[in-house]
There are 2 protein chains.
Amino acid sequence: MQTVRYYEREGLLDTPARSGSGYRMYGPAHVERLNFIRHCRSLDMPLADVKRLLELSRDRGVSCDDVNDLVQGHLERVRAKRAALQALETQLGALRAQCDAGHRVADCGILEELIHAAQGEACACHPEPHGARAAGARKRA
Amino acid sequence: MQTVRYYEREGLLDTPARSGSGYRMYGPAHVERLNFIRHCRSLDMPLADVKRLLELSRDRGVSCDDVNDLVQGHLERVRAKRAALQALETQLGALRAQCDAGHRVADCGILEELIHAAQGEACACHPEPHGARAAGARKRA
DNA sequence: TGCAGACCTTGTAGCTACTATAGGGTCAAG
DNA sequence: CTTGACCCTATAGTAGCTACAAGGTCTGCA
């Protein structure tokens, strides 16, 4: 419910009329608009994109290239993120495989991996060694 | 650089000694710790998990089951998110296919889809009618 | 010695899309 | 008339930074 107020504050929903005691009175147009927003959000579109779509859909005569670009751009961001997560999954799988249950932290392959990697060595999760471009830290001592 | 200060504030990095004029003086232990954190972050682990790992790695005699669980849990969250994004990609692809470039907003298949969906009808991106839709966790049967 | 410019310090606000809480007002039922 | 469910506003918190402001410090050069 605060979400609806939030959309109103952000300019995605028209401010509804108020009853005598200050209650918001929503009409069918508000409900439809809210469903539009929720549908876009279910596609994980940022609210800025949703707002842009709402603006575009008011000018029914204008070219819809912007609509295309917006959806296409969003699709590409989703694709890129999915690919990144897929790589991450592989890396975490490799890390996870370093340790079987039942022993102690001193012998834990996962922590070993993480600590070695922190020292700039190669690790199971990032096959290539870190060292090439590490050591960016500025020190004075 | 503010990031390092942020980690210090959040208790992930020890507060370094200060020079006479108040400058922070980092030693090799700080650098190694920071690399540990950055490595974990490159695996997209939340800072809370990184902090937990740092705590666990201090008690070298304790069981490492917690380390396992933490990494396993993170892997599962990544897997779930990746799967959700994959489904999303399909949905956005379907939506994107509703419109070819070069015509006007009044005839735009994408907007049509979104508006129809806002009225509770079935849409290309969400094959089933609106009622059965739950955010992100849905599987096609 | 003076000064420019690069770096450091602290503190604050902004980003996304909500969510939670506090402290109050309104309304309908019993 | 009270109880409890709802609504109102305003504020703060979430994650992990990033950007900016206003000032202090250090270094090199003339």
Side-chain angles (χ1 to χ4, degrees), chain A residues 1-27 30-31 33-54 70 73-74 76-78 80-81 84-85 88 92 135-141, chain B residues 1-27 30-31 33-55 70 73-74 76-78 80-81 84-85 88 92 114 133-137:
Chain A
M1 207 57 205
Q2 286 102 323
T3 303
V4 177
R5 254 105 76 174
Y6 173 71
Y7 292 156
E8 185 187 331
R9 266 203 310 285
E10 296 298 305
L12 284 115
L13 277 173
D14 293 335
T15 61
R18 299 294 185 115
S19 74
S21 52
Y23 284 23
R24 285 173 183 78
M25 292 182 307
Y26 296 107
H30 290 100
V31 174
R33 180 88 91 123
L34 179 58
N35 281 331
F36 182 97
I37 298 171
R38 293 211 298 185
H39 189 193
C40 292
R41 288 292 302 135
S42 83
L43 297 169
D44 213 27
M45 281 186 204
L47 288 182
D49 283 13
V50 180
K51 199 171 182 182
R52 187 95 187 88
L53 281 181
L54 287 168
L70 194 150
H74 181 48
E76 270 154 28
R77 283 195 303 275
V78 168
K81 201 162 185 183
L85 281 185
L88 193 53
L92 281 170
R138 216 175 299 256
K139 278 182 297 180
R140 60 173 56 236
Chain B
M1 207 57 205
Q2 286 101 323
T3 305
V4 177
R5 253 104 77 175
Y6 174 72
Y7 292 157
E8 185 188 332
R9 264 204 311 287
E10 296 298 306
L12 284 116
L13 277 173
D14 292 335
T15 61
R18 298 296 185 115
S19 75
S21 52
Y23 284 21
R24 286 172 181 79
M25 292 183 305
Y26 296 106
H30 290 101
V31 174
R33 180 86 90 119
L34 179 58
N35 281 331
F36 182 97
I37 298 170
R38 293 212 296 187
H39 189 193
C40 291
R41 289 293 301 136
S42 83
L43 296 170
D44 214 27
M45 280 185 204
L47 288 183
D49 283 12
V50 180
K51 199 169 180 183
R52 187 95 188 89
L53 281 181
L54 286 168
E55 285 162 14
L70 193 150
H74 182 46
E76 269 154 29
R77 283 195 304 274
V78 168
K81 201 163 186 182
L85 281 185
L88 193 53
L92 280 170
L114 291 172
R133 192 158 47 77

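Source: prediction; values computed, not measured. Letters A, B, ... are given to chains in the order of the sequence lines, protein chains preceding strands, and every chain is numbered from 1.
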S.K.: Starting from C1' on dG16(D), measure out to CE on M45(B) and report it in whole angstrom.
M.R.: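 One finds 16 Å between C1' of dG16(D) and CE of M45(B), rounded.
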S.K.: Using a cut-off of less than 4.0 Å, is there contact between a side-chain N or O of Y7(B) and OP1 or OP2 of dC17(D)?
M.R.: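 Yes, within the criterion.
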S.K.: Ignoring the backbone of R41(A), work out which of dA17(C), dT9(C), dG16(D) is nearest its side chain.
M.R.: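 Per side-chain heavy atoms of R41(A), the pick is dA17(C).
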S.K.: Provide, to the nearest angstrom, the distance between the CD atom belonging to E10(B) and the P atom belonging to dA15(D).
M.R.: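 Nearest whole value for this atom pair: 9 Å.
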S.K.: Rounding to an integer number of Å, can you tell me how far M25(B) CE sits from dC26(D) C1'?
M.R.: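 After rounding, the reported distance stands at 15 Å.
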S.K.: Start at the 5' end of DNA chain C and walk down; is the nucleotide closest to Q2(B) or to Y6(A) reached first?
M.R.: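 Nearest-nucleotide comparison on DNA chain C picks Q2(B).
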S.K.: Nearest 0.5 angstrom please: L43(A) CG to D49(A) CG, how far?
M.R.: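 Atom-to-atom, L43(A):CG and D49(A):CG are 11.0 Å apart.
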S.K.: With rounding to the nearest 0.5 angstrom, report the NE2 to CG distance, H74(B) to L88(A).
M.R.: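 Nearest 0.5 Å value for the NE2-CG distance: 5.5 Å.
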S.K.: Figure out the OH/C1' separation between Y26(A) and dC6(D), and round it to whole Å.
M.R.: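 It is 13 Å, rounded to the nearest whole Å.
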S.K.: Rounded to whole Å, how long is the line connecting atom CD of E8(A) with atom C1' of dA10(D)?
M.R.: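 Between C1' of dA10(D) and CD of E8(A): 15 Å.
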S.K.: I need the CG-C1' distance between L43(B) and dG16(D), as an integer number of Å.
M.R.: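 These atoms are roughly 16 Å apart.
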S.K.: Could one point to a donor on the side chain of Y23(A) or the base of dG25(C) with an acceptor on the other under 3.5 Å away?
M.R.: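 Indeed, a donor on one side and an acceptor on the other fall under 3.5 Å apart.
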S.K.: Respond yes when some side-chain nitrogen or oxygen of R18(A) is under 4.0 Å from OP1 or OP2 of dG25(C), and no when none is.
M.R.: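 The answer is no; no side-chain N or O of R18(A) sits under 4.0 Å from OP1 or OP2.
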S.K.: How long is the straight-line distance from CE of M45(B) back to CZ of R77(B), given to the nearest 0.5 Å?
M.R.: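 Between R77(B) CZ and M45(B) CE, I get 9.5 Å after rounding to 0.5 Å.
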S.K.: Compare side-chain N and O positions of R24(B) against OP1 and OP2 of dT9(C) and report whether any pair is under 4.0 Å apart.
M.R.: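 The answer is yes; a side-chain N or O of R24(B) sits under 4.0 Å from OP1 or OP2.
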S.K.: NZ of K51(A) versus C1' of dT16(C): gap in Å, rounded?
M.R.: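 So the NZ-C1' distance, K51(A) to dT16(C), works out to 14 Å.
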S.K.: With a 3.5 Å distance limit and no angle check, can you tell me whether H30(A) reaches the backbone of G27(A) through a side-chain donor-acceptor pair?
M.R.: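 Such a contact is found between H30(A) side chain and G27(A) backbone.
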S.K.: Check the phosphate of dT18(D) against R5(B), side-chain N and O only, distance under 4.0 Å to OP1 or OP2. Yes or no?
M.R.: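 Checking dT18(D) against R5(B), no side-chain N or O comes under 4.0 Å of OP1 or OP2.
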S.K.: How far apart are the closest heavy atoms of M25(B) and P16(B), and which atoms are they?
M.R.: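 Nearest pair, atom of M25(B) first, then P16(B): O-CB, 3.4 Å.
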S.K.: Tell me which nucleotide among dC18(C), dC6(D), dT18(D) gets nearest to the side chain of T3(B).
M.R.: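 Ranking dC18(C), dC6(D), dT18(D) by closest atom to the T3(B) side chain puts dT18(D) first.
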S.K.: Measure the distance from CE on M1(B) to P on dT9(C) and round it to the nearest whole Å.
M.R.: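 To the nearest whole Å, that distance equals 7 Å.
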S.K.: For S21(A) and A48(A), find the nucleotide of DNA chain C closest to each by heavy atoms; which residue's nucleotide sits nearer the 5' end?
M.R.: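 Going by which nucleotide is closer to the 5' end, it is A48(A).
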